[in-house]
Amino acid sequence: MSGVYDGEAIWSAVDTYFIDRLVTEDEALVHARESSIRTVMPQADVSPSQGAFLGVIARIAGARRVLEFGTLAGYSTIWLARAIGPAGRVVTFEVDERTAAVARDNFIRAGVADRIELVVGPAVDSVRALVDAPVDPFDLVFIDADKPNNPAYLEAALALSRPGTVIIGDNVVRNGAVADPGSSDPRVHGTWALIELLGQDDRIDATALQTVGLKGWDGFAIGVVKRPD
Ligand code: DHB
Ligand code: MG
């Protein structure tokens with residue numbers, strides 16, 4: 001972050017304070033986080049406090065079926081898979097085969113491989129197959145893949161939801177770029193489209209929260225699918 005106030009150091013110190021006291025990572029989670037370096041998007045995984053946050057949300061929602069767009073090394077996937085318990089199922093989409101191989105190894109190491117279905121390929125195609133199948137609705141959807149496709153991912157998530165389904169979108173702040181009307185970044189344009197849809201679609205109640213910490217300044221959009229009026 002640039003400007004008169006450089007908060008990065010104190011954000012990280014506070015995040016570390018909480019992580020040290022609240023977030024327990026076993027060897028498999030540490031390994032998954034560190035193996036992010038071997039994915040197509042090094043460092044794009046969620047932070048430990050954010051992974052634990054996703055797990056808490058999954059437990060609050062009583063989620064059994066989770067859909068994730070964007071696996072990378074599977075760090076968030078493992079948090080979600082552990083939160084839903086052995087009878088749960090996570091379907092997660094990864095476009096890159098070599099990255100998927102890293103994730104597969106991490107799922108075995110974490111003891112959750114049997115509850116995760118990793119689908120390799122463009123997520124727009126993978127999710128269309130689920131919509132067409134059709135499959136049982138998901139209880140929680142985490143949208144964390146290529147940002148320009150966010151509107152398509154939200155549409156598909158809504159099609160695969162039921163009243164009460166929680167839908168979370170990652171990286172909606174991007175160091176404040178979301179509030180720069182002149183941004184030419186296609187990832188920001190994808191975020192704008194996601195936020196517009198969340199605001200206008202009567203099927204979902206949503207908000208967004210900024211986050212600071214080890215991953216800098218970013219944020220989550222979070223919504224819940226409504227009962228039809
Ligand atoms: C980017 C994507 C992510 O999902 C993330 O958490 C951080 C960065 C990116 O597209 O740059
Ligand atoms: Mg992300």
Side-chain angles (χ1 to χ4, degrees), residues 1-2 8 11-12 15 19 23 25 29 32-58 66-81 83 90-96 98-100 102-103 106 118-124 126-127 140-154 156-157 166-180 183-195 198 206-223:
M1 182 183 138
S2 60
E8 298 267 358
W11 299 342
S12 289
D15 212 3
I19 291 164
V23 181
E25 281 184 318
L29 273 171
R33 183 160 49 73
E34 291 177 347
S35 69
S36 156
I37 197 82
R38 292 186 280 120
T39 71
V40 280
M41 296 271 298
Q43 310 305 324
D45 50 342
V46 301
S47 70
S49 46
Q50 290 169 343
F53 173 76
L54 292 173
V56 167
I57 296 291
V66 172
L67 177 62
E68 179 182 60
F69 293 80
T71 314
L72 294 180
Y75 182 75
S76 52
T77 325
I78 293 168
W79 276 105
L80 290 164
V90 184
V91 179
T92 183
F93 300 140
E94 173 53 51
V95 69
D96 181 68
R98 281 168 57 175
T99 295
V102 173
N106 287 332
L118 173 55
V119 184
V120 182
V124 277
S126 305
V127 81
L140 187 155
V141 183
F142 183 43
I143 301 175
D144 190 23
D146 52 313
K147 311 312 173 193
N149 275 318
N150 269 347
Y153 298 154
L154 177 61
V166 176
I167 300 179
I168 302 173
D170 196 21
N171 311 114
V172 299
V173 176
R174 307 201 77 89
N175 269 327
V178 71
D180 171 9
S183 175
S184 57
D185 184 337
R187 298 168 301 183
V188 174
H189 285 250
T191 300
W192 288 341
L194 175 76
I195 297 297
L198 285 172
T207 187
L209 287 174
Q210 303 180 65
T211 57
V212 294
L214 291 173
K215 292 286 169 176
W217 177 25
D218 215 322
F220 292 110
I222 183 165

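Computation of the quantities below employed the complete heavy-atom set of this structure, encompassing side-chain atoms and omitting hydrogens, waters and symmetry-equivalent molecules. One-based numbering, in listed order, for ligands and for the atoms of each.
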Evaluate F220 against L209 for side chain to side chain contact (heavy atoms under 4.5 Å, CB included), listing each step before the verdict.
CA-CA 6 Å; F220 292 110; L209 287 174; 5.6 Å; no
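Those atoms of ligand 1 with a heavy atom of K147 less than 4.0 angstrom away are 2 (C), 3 (C), 4 (O). Taking every non-hydrogen atom of N171 and a distance limit under 4.0 Å, the qualifying atoms of ligand 1 come out as 2 (C), 3 (C), 4 (O), 5 (C), 6 (O), 7 (C). Numbered from 1 in the order shown, with element, the atoms of ligand 1 that lie under 4.0 Å from a heavy atom of D170 read 6 (O). Interface of R187 with ligand 1, defined as ligand atoms under 4.0 Å from a residue heavy atom, comprises 9 (C), 10 (O), 11 (O).
Taking 4.0 Å as the cut-off, R174 counts as a neighbour of ligand 1 on heavy-atom distance. Using a non-hydrogen distance threshold of 4.0 Å, M41 registers as a contact of ligand 1.
Note on the Mg ion (ligand 2): protein N, O or S atoms under 2.8 Å away count 3, no waters included.
Counting only N and O atoms by type, the side chains of Y75 and E25 include a donor and acceptor under 3.5 Å apart. Neither side chain, D144 nor S76, offers a donor N or O lying under 3.5 Å from an acceptor on the other. With no hydrogens or angles considered, a side-chain donor-acceptor pair links Y153 and D146 at under 3.5 Å.
Screening residues 47-57 for salt bridge (charged side-chain N to carboxylate O under 4.0 Å, His left out), with sequence neighbours left out, gives no hits.
A heavy-atom distance below 4.5 Å is found between the side chains of L67 and V127. Side-chain contact between V46 and D170 is present, with at least one heavy-atom pair separated by less than 4.5 Å.
Atom CG of residue D15 and atom CD of residue E8 lie 11.5 Å apart, to the nearest 0.5 angstrom.
Using cut-offs of 30° and 60° for the angle between ring planes, the W192 and H189 rings count as tilted.
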